[in-house]
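Here the structure comes first, spelled out in structure tokens, and everything after it is commentary.
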Amino acid sequence: MILVTGAAGFIGSNFVHAWFAAKREPLLNLDRLTYAGNPANLAAVQDDPRYGFVHGDIGDRAAVRELLRHHRPRAVVNFAAESHVDRSIHGPDAFVTTNIVGTFHLLEAVREYWQELPDAERAAFRFLHVSTDEVYGALTPEAPAFRESHAYAPTSPYSASKAASDHLVRAWHHTYGLPVLTTNCSNNYGPYQFPEKLIPLVILHALEGKPLPVYGDGMQVRDWLYVEDHCRAVMRVLEAGRPGEVYNVGGWDERPNLDVVRRICRLLDAARPRLDGSPYETQLAFVPDRPGHDRRYAIDARKIERELGWRPQETFESGLAKTVRWYLEHPDWVEGVTSGAYRSWVTGHYGQGLA
Ligand code: NAD
Ligand code: TYD
């Protein structure tokens, strides 16, 4: 069986669904259920005998140690993290606690377990750390996309904390020989994404008739990857990646934010026209820029393609159309995540006028 941390979140829950669609092997989810962890994302598997859930913190070394001893996973996939840049600017503490200190305790618990495994199991064991392209910092418009050898230059509390965790993971390989794999992926989008991130936020604000907040001039560029493609990449790296190696994962699809927002508006114009017949784009609102906003990220995903044969299957057009449809077809899920705590985040961050 495998242990997956943070599998009640956006990417982790998509990973669970992808895992059970492709494999018979049991999967145990260790999740602290922060505001971003949502059991509803996993409602479809909760009665599946191959699925198990433990409510806990990756930073609780004793509990993780016990879990490992008891369940004896052949691999650990670490998705657990604080993941939102804007929240990291408002309150960096949780990012340092979970992303850095939590990963450290997790690594120590895993190292202890791994060292005591019989030879064959020890050799086959893998620790896969899921990270982000944001650790590389910002690119100028003409610069080549990030390769795995790009120097780390994180700029936000979020990316700095993820960079620190990547360094710890790498050091545990170099120093102790722990068979680690790291994936650095670009911006994900798709089903079950908490609507504090750009794409689901814009879809839901549009439907509610609220302003669509675009930071600064809206010309910041991100490389977008449909979440199911990311999950396939993580499975492929787990299966065939070389221990100690890093794999950059991306969609080969760079877009300025303004294009992303406009494209969502057009999809909604077609699928759920506004009652007054005017386009959703009339709701677009430029708002003050994020402090230290990285101008551009871009991923060079040739290594994972060359070595492991992975390529994205969705284009941005096909993935975004699926995503918009998913949010339209899941009003109960939306209702569940946009209550209390979410509303106070939106009001606190964007101000009363935009919320
Ligand atoms: P998310 O915020 O939706 O989910 C994070 C999950 O981790 C939640 O279920 C939360 O409850 C859990 N968690 C948080 N702290 C924990 C702790 N201390 N112990 C156990 N569980 C804890 O995040 P996501 O968007 O699904 O991202 C998952 C991973 O992928 C993160 O490591 C993130 O850095 C990385 N990543 C995300 C993106 C993206 O675009 N979302 C892109 C590249 C990499
Ligand atoms: P986000 O989804 O928060 O991901 P990240 O910051 O990790 O890239 O934001 C994606 C881009 O969209 C980023 O450049 C910030 C921008 N953005 C807005 O313009 N308005 C918003 O309300 C949000 C949440 C993000």
Side-chain angles (χ1 to χ4, degrees), residues 4-15 29-39 41-42 54-60 63-64 77-89 94-95 97-99 101-103 105-106 129-135 138 156 158-159 161-162 165-166 183-190 192-202 205 211-225 227 230-231 233-234 248-250 255-258 260-261 284-290 293-297 299 337 345-346 349-350 354:
V4 179
T5 71
F10 162 49
I11 306 174
S13 58
N14 278 282
F15 182 81
N29 171 15
L30 169 67
D31 199 298
R32 197 167 78 106
L33 297 182
T34 67
Y35 79 94
N38 182 359
N41 297 355
L42 293 164
V54 175
H55 187 197
D57 191 323
I58 57 165
D60 184 345
V64 177
V77 180
N78 183 31
F79 285 101
E82 291 291 335
S83 70
H84 187 33
V85 175
D86 292 324
R87 282 189 194 252
S88 82
I89 296 169
F95 289 74
T97 303
T98 283
N99 299 1
V101 184
T103 303
H105 287 299
L106 178 64
H129 181 61
V130 179
S131 192
T132 164
D133 59 358
E134 304 194 24
V135 297
S156 73
Y158 165 64
S159 57
S161 68
K162 289 296 290 187
S165 69
D166 293 8
T183 54
N184 290 87
C185 187
S186 60
N187 283 60
N188 283 218
Y189 65 99
Y192 304 112
Q193 187 167 32
F194 192 71
E196 64 187 358
K197 304 278 169 73
L198 180 70
I199 288 180
L201 181 113
V202 166
H205 271 213
L212 312 178
V214 173
Y215 296 161
D217 62 2
M219 294 312 287
Q220 302 83 6
V221 171
R222 296 292 182 265
D223 170 326
W224 293 96
L225 181 68
V227 64
H230 185 194
C231 294
V234 170
N248 281 358
V249 183
R255 310 267 167 164
N257 293 335
L258 205 48
V260 173
V261 175
L284 210 138
F286 288 94
V287 301
D289 211 349
R290 169 188 283 173
H293 198 169
D294 286 339
R295 202 67 188 163
R296 173 176 168 240
Y297 305 135
I299 280 279
V337 296
W345 158 256
V346 173
H349 178 61
Y350 295 97
L354 280 190

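Counting starts at 1 for both ligands and their atoms, in listed order. Atom set for the values below is all heavy atoms of this structure, side chains included, hydrogens, waters and symmetry mates excluded.
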Could you go through ligand 1 and list every pair where one of its N or O atoms sits under 3.5 Å from a protein N or O, giving the atom names and the distance to one decimal?
from     : atom 1 : to     : atom 2 : distance (Å)
ligand 1 : 2 (O)  : Ser83  : OG     : 2.7
ligand 1 : 3 (O)  : Phe10  : N      : 3.0
ligand 1 : 9 (O)  : Gly9   : N      : 2.9
ligand 1 : 9 (O)  : Asp31  : OD1    : 3.3
ligand 1 : 9 (O)  : Asp31  : OD2    : 2.6
ligand 1 : 11 (O) : Asp31  : OD1    : 2.6
ligand 1 : 11 (O) : Leu33  : N      : 3.4
ligand 1 : 11 (O) : Thr34  : N      : 3.0
ligand 1 : 11 (O) : Thr34  : OG1    : 3.2
ligand 1 : 18 (N) : Asp57  : OD1    : 2.9
ligand 1 : 18 (N) : Thr98  : OG1    : 3.1
ligand 1 : 19 (N) : Ile58  : N      : 3.0
ligand 1 : 21 (N) : Arg32  : N      : 3.1
ligand 1 : 23 (O) : Ser83  : OG     : 3.2
ligand 1 : 26 (O) : Phe10  : N      : 3.3
ligand 1 : 26 (O) : Ile11  : N      : 2.7
ligand 1 : 32 (O) : Phe79  : O      : 3.1
ligand 1 : 32 (O) : Lys162 : NZ     : 2.6
ligand 1 : 34 (O) : Tyr158 : OH     : 2.7
ligand 1 : 34 (O) : Lys162 : NZ     : 3.1
ligand 1 : 40 (O) : Asn188 : N      : 2.8

Using a 3.5 Å cut-off on N/O to N/O, what pairs does ligand 2 make with the protein? A line per pair would be great.
from     : atom 1 : to     : atom 2 : distance (Å)
ligand 2 : 2 (O)  : Leu198 : N      : 2.9
ligand 2 : 3 (O)  : Arg290 : NH2    : 3.1
ligand 2 : 4 (O)  : Asn187 : ND2    : 3.3
ligand 2 : 6 (O)  : Arg290 : NH1    : 2.6
ligand 2 : 6 (O)  : Arg290 : NH2    : 3.1
ligand 2 : 7 (O)  : Glu134 : OE2    : 2.5
ligand 2 : 8 (O)  : Asn187 : ND2    : 2.9
ligand 2 : 8 (O)  : Arg222 : NE     : 2.8
ligand 2 : 12 (O) : Asn257 : ND2    : 3.3
ligand 2 : 14 (O) : Arg222 : NH2    : 3.2
ligand 2 : 14 (O) : Asn257 : ND2    : 2.9
ligand 2 : 14 (O) : His293 : NE2    : 2.7
ligand 2 : 19 (O) : Tyr215 : N      : 2.9
ligand 2 : 20 (N) : Pro213 : O      : 2.9
ligand 2 : 22 (O) : Pro213 : O      : 3.4
ligand 2 : 22 (O) : Tyr350 : OH     : 2.6

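- Of the N and O atoms on the side chains of Ser165 and His129, at least one donor lies less than 3.5 Å from an acceptor on the other residue.
- Side-chain contact annotation: Asp133 with Ser186, donor-acceptor N/O pair under 3.5 Å absent.
- A salt bridge links Asp217 to Arg295: one of the charged nitrogens lies within less than 4.0 Å of a carboxylate oxygen.
- Under the 3.5 Å distance criterion, the side-chain polar atoms of His205 are matched with a main-chain donor or acceptor of Pro211.
- Between Ile58 and Thr103, the shortest heavy-atom distance links the atoms CD1-N, 3.9 Å.
- Not counting sequence neighbours, the partners of Ala81 by the side-chain contact (heavy atoms from CB on, under 4.5 Å) test are Asn99, Lys162.
- Just one residue in the list Tyr35, Trp345, Tyr189 forms a ring pair (Phe, Tyr, Trp, His ring centres under 6.0 Å) with Phe194, and that residue is Tyr35.
- In this model, a donor atom of one side chain and an acceptor atom of the other lie less than 3.5 Å apart for Tyr297 and Glu134.
- Listed by chain and residue number, Phe15 satisfy the ring pair (Phe, Tyr, Trp, His ring centres under 6.0 Å) test with Phe79 (two or more places apart in sequence, or in another chain).
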